[in-house]
Amino acid sequence: MAAPSDFIRDIVAGHLAEKKYPQIHTRFPPEPNGYLHIGHAKSICLNFGIAREFGGICNLRMDDTNPTKEEVEYVDSIIADVKWLIGGWADQQLGFKSGGKSLEPFYASDYFDQIYEYAVALINKGKAYICDLTPEQTDEYRGAPDHPGKDSPFRNRRISENLDLFARMKAGEFPHGARTLRAKIDMSSPNVWLRDPILYRIRHAEHHHTGNKWCIYPMYDFAHCISDYIEGITHSICTLEFEVHRPLYDWILGNLELPRPLPHQYEFARLSLGYTVMSKRKLLQLVTEKIVTGWDDPRMPTISGLRRRGVTPEALRHFAYNIGITKYNGLTDVAVLEHAIREDLNKRALRRLAVLRPIKVVITNFPEGKIEELEAVNNPEDPNAGKRKIPFTRELYIEQDDFMEVPPPKYFRLRPGGEVRLKYAYIIKCDEVVKNASGEITELRCTADLDSKTGGATSARKVKGTIHWVSATQAVDAEVRLYDRLFTVEDPDAKGEFKEFLNKNSLEVVKAKCEPSLKDAAPETRYQFERIGYFTLDKETTPEKTVINRTISLKDAWAKEVKKV
RNA sequence: UGUCCGAUGGUGUAACGGUAGCACAAGGCCCUUUGGAGGCUUUUGUCAUGGUUCGAAUCCAUGUCGGACAGCCA
C-alpha cells in the first residue's frame with residue numbers, strides 16, 4: 001500500500017523538512033464518555049499513521065475534564081479498541097508515560113495541578129478573572145454570532161481578588177456553578193469563542209481518575225492546548241468543528257508566554273457513513289433504549305461492534321486509507337467500507353460449507369449409511385491454508401434458494417429434471433419433488449452421476465450451476481445471526497428524527513446446518529461460508545450452542561440480475 | 001444582517017500554474033466445481049461569471065450553494 005498523502009501529511013512533511021520540530025508528536029484524545037466508533041478509527045489511523053510515516057510518536061490521551069459524563073468503563077473500552085486497531089501496526093509509535101510499559105493512556109486529568117498553575121499565571125498577567133454571573137446571565141452577556149456581547153461587571157476585578165476567589169473556588173467554598181474563571185479577551189469579537197471564554201467551572205463531582213481531589217474542572221479549550229503543550233505535541237489534529245476554537249488555542253498558549261515551539265491545531269472532516277449514525281449521543285441512545293443489545297452490538301458502527309461482527313483491524317485501516325483526509329464534509333458510501341471488509345476477508349477466510357435455510361435432498365442411488373470423505377480446499381486464495389475432508393451421505397441439505405420449481409430465465413441452480421454440481425462432490429439431477437399436504441416442498445429426490453466427482457470419468461462435464469450442501473446426518477447446528485444495515489435511509493441524520501428510519505429487519509436469526517469441521521470453530525477465526533458470506537464465532541457461543549455472526553455477505557450478482565427484471 | 005471553512009464523475013479522493021488520474025459504485029465481456037475471487041473494458045467530473053497568464057481545477061475578484069460556531073459539553 002502506497003503511503004497516504006493529504007494536506008495534513010503535507011504540512012507535517014514540510015515542518016520536518018524545515019526542521020521546525022525535532023520529532024513529530026501527535027495524539028489521539030478521546031473523551032471517555034462513550035465507546036469509540038469508526039469515525040474515531042479514522043482519527044486513530046491518521047494520528048498513529050503520521051507518527052508511523054514520519055518517525056514520530058502518538059499519545060493516547062483521555063480528554064477527561066468533565067467528571068459528570070465520564071466513566072472508567074469507557075476508559076477501558078477505549079484502551080481495548082485502540083490496542084486492537086493499532087496492534088501489529090503502530091505499536092512502536094505509541095507514546096508512553098515515563099516509566100510506563102503497557103498501554104497505559106495519558107490523562108488530561110493528570111495535569112490538573114499544572115493546568116491550575118497556568119490559570120493562576122493567567123490571572124497574574126491580568127488575562128483572566130473570576131466571574132460571578134449566573135449561567136443565564138453569561139449566555140445573555142455573550143451576545144450572538146451576529147451581534148457583540150457586553151463586558152461582565154466582574155471583568156475588572158483586582159488581581160489579588162481574583163487570586164483569592166480562585167483559591168477559594170478550588171477549596172470548595174462555593175456551590176456548583178456559582179463562579180467561573182474566564183479569560184479576558186474581547187466580548188465584541190466576531191468569533192464567539194473569544195468572548196471571554198470560561199476556563200474553569202465549579203463541579204462538586206467525583207472524577208473517575210482523580211476522585212474527590214478537585215471541585216473545579218478546566219474546560220476543554222483550556223485543558224486541551226495545555227495538555228498538548230505538556231506532552232510536547234507538535235501537531236494537534238482534530239475535527240472541523242474545532243476550527244473556530246483554534247484562535248483560542250493559540251491565544252491561551254501565546255498569552256501564557258511558554259517556551260517554543262508550541263503545538264498547533266489542524267482540522268479535518270469527520271467521517272459520515274451511509275446508513276448509520278455516528279454521534280456518541282445517538283449511539284448511546286440506541287444502547288440505553290435497547291434498540292441494540294449494547295455498544296458492541298454487531299450492527300453498531302463502534303469499533304467493538306465491528307470487531308465482534310468479524311471485521312479485522314486491517315480492513316478498517318484500509319478503509320481509513322481509502323477515504324482520505326480532507327476538509328470537505330461528505331457522506332462516505334458504505335460500499336467503500338464493505339469493499340474493504342470483503343477484500344480483506346477474501347484473502348484470509350477459511351472456506352466452509354453451511355446451509356442457512358435447509359431443504360432436504362435424498363440421493364437415491366447413493367447407499368444408505370455410507371459416509372464418503374471428500375476433499376475440499378480451505379482457501380483458494382491461499383494455498384498454505386491446506387485442505388480438509390467433508391462427509392458426503394445419502395441425505396443432504398441444500399439451500400432453499402438453490403431450488404426452484406419454476407425458475408426464471410438464467411437461473412443456474414437446481415430445478416425439476418435439471419442438473420447441478422454439488423461443490424467438491426457429484427453432479428446431481430432432480431427426479432422428484434416431494435410435498436406435504438399443504439403443498440410445501442419437504443424433500444427433493446435426486447440421482448447422482450457417481451463418476452462426476454473430482455478425478456472421476458465425467459468430472460469434466462459442464463453444468464451451469466454449482467451449489468453448496470452439507471450432509472444431513474453429519475451436520476452440526478448453529479444459530480446464525482444475519483445483520484443488515486441499522487437504518488433504511490442513507491442519511492438518517494438529515495431528515496429529522498433518526499429513529500424513524502431504523503431498519504426493523506437489521507437482525508435475522510436462522511438455524512443453520514454446518515459442515516462438521518465447524519464444531520471446532522475458533523473465536524477470532526474468519527470463515528467464508530461458500531456462496532453466502534463471511535462469518536465468525538460470536539462471544540455468546542457456549543459448549544451447548546454455537547452462535548455465529550455474519551460479518552458481511554458475498555457480492556451477489558444473481559440478486560442484481562433478479563432486480564433487473 | 002457576523003466570523004471561519006469548504007465545493008473535482010453517482011460517492012470518496014488525486015493532480016501543489018503544464019496530458020483531469022485513482023478507488024468504490026454502475027454497465028459490458030472473459031474466466032470460474034463459490035452467480036465469490038480474478039482479468040479486460042465502457043459511461044459519467046473541475047459550482048458560476050469575470051480576471052491574471054503562452055497556459056488555470058490550481059492564483060485573484062465577485063456571486064451561488066453547503067458546513068461549523070451563540071454549553072459552566074468535548
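Values in this document were obtained by computation on a predicted structure and should not be read as measured data. Below, chains carry the letters A, B, ... as their sequence lines are ordered, and counting in each starts from 1.
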message = What contact category does Phe412(A) fall into here, base, sugar-phosphate, or nothing, at under 4.0 angstrom with non-hydrogen atoms?
response = base
request  = Scan side-chain atoms only and decide if Gln528(A) and Tyr534(A) contain a donor-acceptor pair under the 3.5 Å cut-off.
outcome  = yes
query = Taking the C1' atom of each, how far is rG63(B) from rG6(B), in whole Å?
reply = 16 Å
query = Could you state the OH-P distance from Tyr328(A) to rA57(B), rounded to the nearest angstrom?
reply = 20 Å
query = Looking at Lys423(A) and Trp469(A), what are the two nearest heavy atoms and their distance?
reply = O-NE1, 2.7 Å
inquiry  = In whole Å, measure the gap between the C1' atoms of rA61(B) and rC54(B) for me.
reply    = 23 Å
ask   = CZ of Phe7(A) versus C1' of rC5(B): gap in Å, rounded?
value = 11 Å
request  = Please identify each residue that fulfils side chain to side chain contact (heavy atoms under 4.5 Å, CB included) with Ala119(A), with sequence neighbours left out.
outcome  = Phe166(A), Leu181(A), Tyr200(A), Phe222(A)
task = Determine the interatomic distance between C1' on rG45(B) and the same-named atom on rU13(B); round to the nearest Å.
result = 13 Å
Anti/syn call for rG71(B), syn if |chi| within 90° = syn
ask   = Is the closest side-chain donor-acceptor distance between Asp110(A) and His209(A) under 3.5 Å?
value = yes
request  = Calculate, to the nearest 0.5 Å, the distance between atoms CD1 and OH belonging to Ile115(A) and Tyr229(A) respectively.
outcome  = 14.0 Å
query = In terms of side-chain heavy atoms, does Glu243(A) have a donor or acceptor partner in Tyr266(A) at a distance below 3.5 Å?
reply = no
Sugar-phosphate only, base, or nothing, as touched by Pro380(A) at under 4.0 Å among non-hydrogen atoms = base
inquiry  = Regarding Glu31(A), tell me which of base, sugar-phosphate or nothing describes its non-hydrogen contacts under 4.0 Å with the strands shown.
reply    = sugar-phosphate
Arg413(A) vs Glu399(A), salt bridge (charged side-chain N to carboxylate O under 4.0 Å, His left out): CA-CA, chis, key distance, verdict = CA-CA 10 Å; Arg413(A) 289 110 96 155; Glu399(A) 209 70 61; over 6 Å; no
query = Can you tell me how far C1' in rA48(B) sits from the matching atom in rG18(B), rounded to whole Å?
reply = 25 Å
query = When only distance counts, do a donor and an acceptor, one from the side chain of Thr454(A) and one from the base of rU33(B), lie under 3.5 Å apart?
reply = yes
Distances under 3.5 Å only, N/O to N/O: pair up the protein atoms with those of nucleotides 22-25 of chain B.
| residue | atom | partner | partner atom | Å |
| --- | --- | --- | --- | --- |
| rC24(B) | OP1 | His339(A) | NE2 | 3.2 |

message = What contact category does Thr134(A) fall into here, base, sugar-phosphate, or nothing, at under 4.0 angstrom with non-hydrogen atoms?
response = base
inquiry  = Students often get this wrong, so: under 4.0 angstrom with heavy atoms, is Ile467(A) touching a base, only sugar-phosphate, or nothing?
reply    = nothing
inquiry  = List the residues meeting ring pair (Phe, Tyr, Trp, His ring centres under 6.0 Å) with Phe242(A), not counting sequence neighbours, and say none if there are none.
reply    = Tyr220(A), His245(A)
message = Check the phosphate of rG35(B) against Arg413(A), side-chain N and O only, distance under 4.0 Å to OP1 or OP2. Yes or no?
response = no
message = What's Arg351(A) touching, base or sugar-phosphate or nothing? Going by heavy atoms closer than 4.0 Å.
response = base
ask   = Counting only side-chain N and O atoms of Lys462(A), is one of them less than 4.0 Å from OP1 or OP2 of rU33(B)?
value = yes
message = Please report the distance separating the P of rC29(B) from the corresponding atom of rG66(B), rounded so that it comes out in whole Å.
response = 42 Å
message = Contact list please: residues 168-188 of chain A against RNA chain B, heavy atoms, distance less than 4.0 Å, in numerical order.
response = Gly177(A), Thr180(A)
message = Using a 4.0 Å heavy-atom cut-off, does Lys410(A) contact any base of the nucleic acid, only the sugar-phosphate backbone, or nothing at all?
response = base
message = Can you say whether a donor on the side chain of Arg531(A) sits under 3.5 Å from an acceptor on the base of rU34(B), or the other way round?
response = no
request  = Could you tell me whether the side chains of Arg526(A) and Thr312(A) share a donor-acceptor contact shorter than 3.5 Å?
outcome  = no
query = Which value, in whole Å, describes the distance between the P atoms of nucleotides rC72(B) and rU3(B)?
reply = 23 Å
request  = Let me have RNA chain B in dot-bracket notation, would you? Count Watson-Crick plus G-U wobble pairs, both distances under 3.5 Å, and use [ ] for pairs crossing earlier ones and | for inter-strand partners.
outcome  = .((((((..((((....[..)))).(((((.......)))))....(((((..]....))))))))))).....
ask   = NA contact type, Gln528(A), heavy-atom cut-off 4.0 Å: base, sugar-phosphate, or nothing?
value = base
ask   = Just how far, in rounded Å, is P of rU33(B) from CD of Glu381(A)?
value = 15 Å
query = With respect to the phosphate group of rU13(B), does any side-chain polar atom (N or O) of Thr326(A) fall under 4.0 Å of OP1 or OP2?
reply = yes
query = With a 4.0 Å cut-off, would you call Lys560(A) and Asp556(A) a salt bridge?
reply = no
ask   = Roughly how far apart, to the nearest Å, are rU44(B) and rA26(B) at atom C1'?
value = 10 Å
request  = Report which part of the nucleic acid Tyr411(A) touches: base, sugar-phosphate, or nothing (heavy-atom distance under 4.0 Å, all strands).
outcome  = base
Rounded distance in Å - OH (Tyr74(A)) to C1' (rA74(B)) = 15 Å
ask   = Of Trp214(A), Phe112(A), Tyr107(A), which is the lone residue that meets ring-ring contact (aromatic ring centres under 6.0 Å, His included) with His207(A)?
value = Phe112(A)
Distance test, side-chain N/O of Arg348(A) to OP1/OP2 of rA37(B), below 4.0 Å = no
request  = Looking at every strand, decide which applies to Leu273(A) at a 4.0 Å heavy-atom threshold: base, sugar-phosphate, or nothing.
outcome  = nothing
message = How many whole angstroms separate atom CG of Leu353(A) from atom P of rU34(B)?
response = 12 Å
message = Within this structure, what is the OG1-CE distance for the pair Thr332(A) and Met278(A), rounded to the nearest 0.5 Å?
response = 8.0 Å
message = Counting only side-chain nitrogens and oxygens, does Thr65(A) get under 4.0 Å of the OP1 or OP2 atom of rA74(B)?
response = yes
ask   = Within this structure, what is the NE2-to-P distance between His468(A) and rG35(B), rounded to whole angstrom?
value = 10 Å
inquiry  = For Arg352(A), is there an ion pair with Glu530(A) - N to carboxylate O distance below 4.0 angstrom?
reply    = no
ask   = Which heavy-atom pair separates Ile532(A) from Ala354(A) by the least distance, and what is that distance?
value = CD1-O, 3.3 Å
request  = Could you tell me the separation between the NZ atom of Lys464(A) and the P atom of rU34(B), rounded to a whole number of Å?
outcome  = 12 Å
task = Taking atom C1' in both rG27(B) and rU43(B), compute the distance separating them and give it to the nearest angstrom.
result = 8 Å
key: Within-4.5 Å side-chain heavy-atom neighbours: Phe106(A) and Pro29(A)   = no
task = Report the relative orientation of the aromatic rings in Phe392(A) and Phe366(A); use parallel for angles under 30°, tilted for 30 to 60°, perpendicular for over 60°.
result = perpendicular
Strictly under 3.5 Å: I want the nitrogen or oxygen pairs between protein and nucleotides 63-71 of chain B, one per line.
| residue | atom | partner | partner atom | Å |
| --- | --- | --- | --- | --- |
| rG67(B) | O2' | Asn329(A) | ND2 | 3.1 |
| rC69(B) | O2' | Trp193(A) | NE1 | 2.7 |
| rA70(B) | O2' | Arg142(A) | NE | 3.3 |
| rG71(B) | OP2 | Asp139(A) | OD1 | 2.8 |
| rG71(B) | OP2 | Arg142(A) | NH2 | 2.8 |

key: Modelled atom types, side-chain donor and acceptor of Asp151(A) and Tyr141(A), under 3.5 Å   = no
query = Roughly how many Å is it from CZ in Arg195(A) to P in rC72(B), rounded to a whole number?
reply = 13 Å
